[in-house]
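One structure below.
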Amino acid sequence: MERVIIFDTTLRDGEQAAGGTLNVNEKLEIARQLEKLGVDVIEAGFPISSPGDFEAVKTIAREVRAPVICALSHANPEAIDRAWEAVKEAKRPRIHIFLSASDIHRMYQLKKSREEVLQSSRDMVAYAKRYTEDIEFSPMDASRTEPAYIYQILEAVIKAGATTVNIPDTVGYAIPEEFGNLIDGIFKNVPNIGKSVVSVHCHNDLGLAVANSLESVKRGARQVECTVNGIGERAGNASLEEIVMAIRTRKDFFNLSTGISTTEIYKSSRLVSQRTGFPVQPNKAIVGANAFSHESGIHQDGVIKKAITYEIMDPKSIGIPASSLVLGKLSGRHAFKERLAELGYSLSEEDFSRAFAAFKNLADKKKAIADKDIESLVAEEQRTVSETYHIDRLQVTCGDRGIPTAAVRLVAPGGKVLADAALGTGPVDAVYKAINRLVKVPNKLTEFTVNSVTEGIDAIGEVLVRIESDGVTYTGRGADTDIIVASAKAYMNALNRLLAVKKAG
Ligand code: KIV
Ligand code: ZN
């Protein structure tokens, strides 16, 4: 069976989603999970775009060995040099060069003629070839470009050494049949197309990213660019899990395979959601909370009699934990460790001890500890490991008669202890004002949401905040059974991220 190359761009296009910024450690953690998932290519970042991105690509290239590690680059020598510098230690490095091709982009943004774009595309692929054999080229906004011009560019870049040519539907404008016809046209009209892999990169502005990708695969494309949970610029990219499971579930139709270990899908989805702060909608195909839950009586009856009546995929094949064993106060280290392993975590001894202490602490407050509680507390522990400022104490008074007041004590770099208090319009406002008096970083709170991790009055509350500073959005998360404490942790987490980015330059 022919294989479709899965090119994951969660860490590049996915991270471009507003507010989805990840730090180097988080990117490395996701890259390691993508390796376990079995993606063929990881697009690790866009090195020229920021020192943080450069560092992330470099670290991933050094540490993650099985997949091809790809760095995105503008079509100019400086960006290509930087991409190579970041990716050169990879076992199998790739440079991905893009340049706008459509008249709209050329005329209004680049202000370059067709000849100039054609020349730069060809020259920059040839330039990058000095560094590595594996070069990908994307004529940006291809779906709004005259096909004959795309054929011309592709022929030129393949002649210059491009080993993959990627056809982006940059603004999610294409309709499946039309996009499929473009792919057909490429195979028919680019004489040297056999020397290169044809790839597609579809955005979801009209909700058609997966449909367009699958149509292209049907017409001969053999690489699909996609992201976990479909995150990405604006409405996102084609969702990896939907593409992979469509190809697998409808083998009879596609007669193709991928190298993905599908049992790692659920875990990858949870990890990306946790680290980016983008929740997965309950009705999301494959990984949504309701994707395998049957509500209507007739469906439940059918599934009990024979799952295939209403389930086209086995939830186990996606790695959704089979049992929802509940731990509690009396569960020991061993039971906790086993449950962590079943959920796919392998923590160092030190991290395990911290997580176990947090588990015991939680078990004192909450009777039944479900898988989602464990995921939440492990994430909380991991978040706090590399903090600049750490919340040491927090005390709040509020109510319908009093003035909301918060006293906060923080541990600052070097172990210095800082404390202050503030009044606010409510307890969260008071806490944030007290923290601001200590940390003194101007920012604007743009989003604040609270969700309970499980049902029940004793549930953990997870708070997500987004703050904006100098036009950049930073996400923070915090979890606790006390939602004011969770709110403080989330704000602290966002501020710590902001400070880390400012420090990196
Ligand atoms: O959407 C797009 O066109 C891109 C390119 C860089 C491939 O992300
Ligand atoms: Zn894109």
Side-chain angles (χ1 to χ4, degrees), residues 5-18 20 39 41-50 53 57 68-76 79-80 82-83 86-87 94-106 108-110 117 120-121 124-125 128 134-145 149-150 153-154 157 162-174 179 182-183 186 196-210 212-213 216 221 223-240 243 272 276 278:
I5 297 167
I6 299 296
F7 176 115
D8 180 278
T9 184
T10 306
L11 297 174
R12 199 280 296 170
D13 215 326
E15 204 226 5
Q16 271 172 235
V39 305
V41 186
I42 293 178
E43 187 163 56
F46 190 6
I48 193 94
S49 69
S50 74
D53 242 37
V57 177
V68 169
I69 306 297
C70 175
L72 184 68
S73 175
H74 293 300
N76 68 54
I80 293 171
R82 193 86 176 132
V87 88
R94 174 180 297 186
I95 298 175
H96 175 190
I97 302 166
F98 72 99
L99 185 57
S100 286
S102 66
D103 287 350
I104 301 170
H105 280 208
R106 278 190 315 92
Y108 299 111
Q109 197 179 13
L110 295 186
V117 165
S120 296
S121 305
M124 289 305 106
V125 168
D134 191 346
I135 305 293
E136 173 167 333
F137 181 82
S138 294
M140 192 152 85
D141 204 17
S143 54
R144 293 192 300 169
T145 306
Y149 181 51
I150 293 284
I153 294 179
L154 298 187
V157 295
T163 42
T164 300
V165 286
N166 179 46
I167 314 304
D169 180 22
T170 303
V171 290
Y173 180 74
F179 199 60
L182 174 62
I183 304 299
I186 288 170
S196 178
V197 173
V198 174
S199 167
V200 289
H201 174 110
C202 301
H203 279 272
N204 207 29
D205 300 66
L206 292 173
L208 293 169
V210 170
N212 284 328
S213 305
S216 312
Q223 175 178 287
V224 175
E225 303 199 351
C226 45
T227 59
V228 174
N229 298 338
I231 63 168
E233 186 83 40
R234 306 181 310 279
N237 288 65
S239 141
L240 180 149
I243 287 167
V272 169
T276 57
F278 295 130

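Computed from heavy atoms alone, side chains included, the values below leave out hydrogens, waters and symmetry copies. Ligands are counted one by one from 1 in listed order, and the atoms in each one are counted from 1 as well. Along the sequence shown, residues carry numbers from 1.
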Discussion item. To the nearest 0.5 Å, what is the distance between OG on Ser121 and CD1 on Ile97?
Written reply: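 Going from OG on Ser121 over to CD1 on Ile97, the span is 9.0 Å.
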Discussion item. Phe98: which residues meet the ring-ring contact (aromatic ring centres under 6.0 Å, His included) condition with it, sequence neighbours left out?
Written reply: Phe46, His74
What are the polar N/O contacts of ligand 1 with the protein below 3.5 Å, with distances?
from	atom 1	to	atom 2	distance (Å)
ligand 1	1 (O)	His201	NE2	3.2
ligand 1	1 (O)	His203	NE2	3.0
ligand 1	3 (O)	Thr170	OG1	2.6
ligand 1	8 (O)	Arg12	NH1	3.4
ligand 1	8 (O)	Arg12	NH2	2.9
ligand 1	8 (O)	Asp13	OD2	3.1
ligand 1	8 (O)	His201	NE2	3.1

Discussion item. I'd like to know if the side chain of Thr9 pairs up with that of Glu43 as donor and acceptor (distance under 3.5 Å, no hydrogens or angles considered).
Written reply: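 Note: Thr9 and Glu43 side chains meet the donor-acceptor criterion.
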Worksheet item: Looking just at side-chain N and O atoms, do Thr227 and Asn237 make a donor-acceptor pair shorter than 3.5 Å?
Response: no
Fill in: Donor-acceptor under 3.5 Å (Asn204 side chain, Ala209 main chain)
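Yes, because the side chain of Asn204 sits within donor-acceptor range (under 3.5 Å) of the backbone of Ala209.
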Worksheet item: Do side-chain atoms of Asp169 reach the backbone of Ala174 as a donor and acceptor pair under 3.5 angstrom?
Response: yes
Practice prompt. Check whether any side-chain heavy atom of Ile167 lies under 4.5 Å from a side-chain heavy atom of Phe179, and answer yes or no.
Written response: yes
Practice prompt. Using side chain to side chain donor-acceptor pair (under 3.5 Å) as the criterion, point out the one residue from Arg12, His201, His96 that pairs with Glu225.
Written response: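 Exactly one option meets the side chain to side chain donor-acceptor pair (under 3.5 Å) with Glu225, and it is His201.
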Worksheet entry | Contacts of Asp53 that satisfy salt bridge (charged side-chain N to carboxylate O under 4.0 Å, His left out) - sequence neighbours left out | Lys27
Item to complete: Show all protein N/O/S atoms under 2.8 Å from the Zn ion (ligand 2), or state that there are none.
Response: Asp13 OD2, His201 NE2, His203 NE2
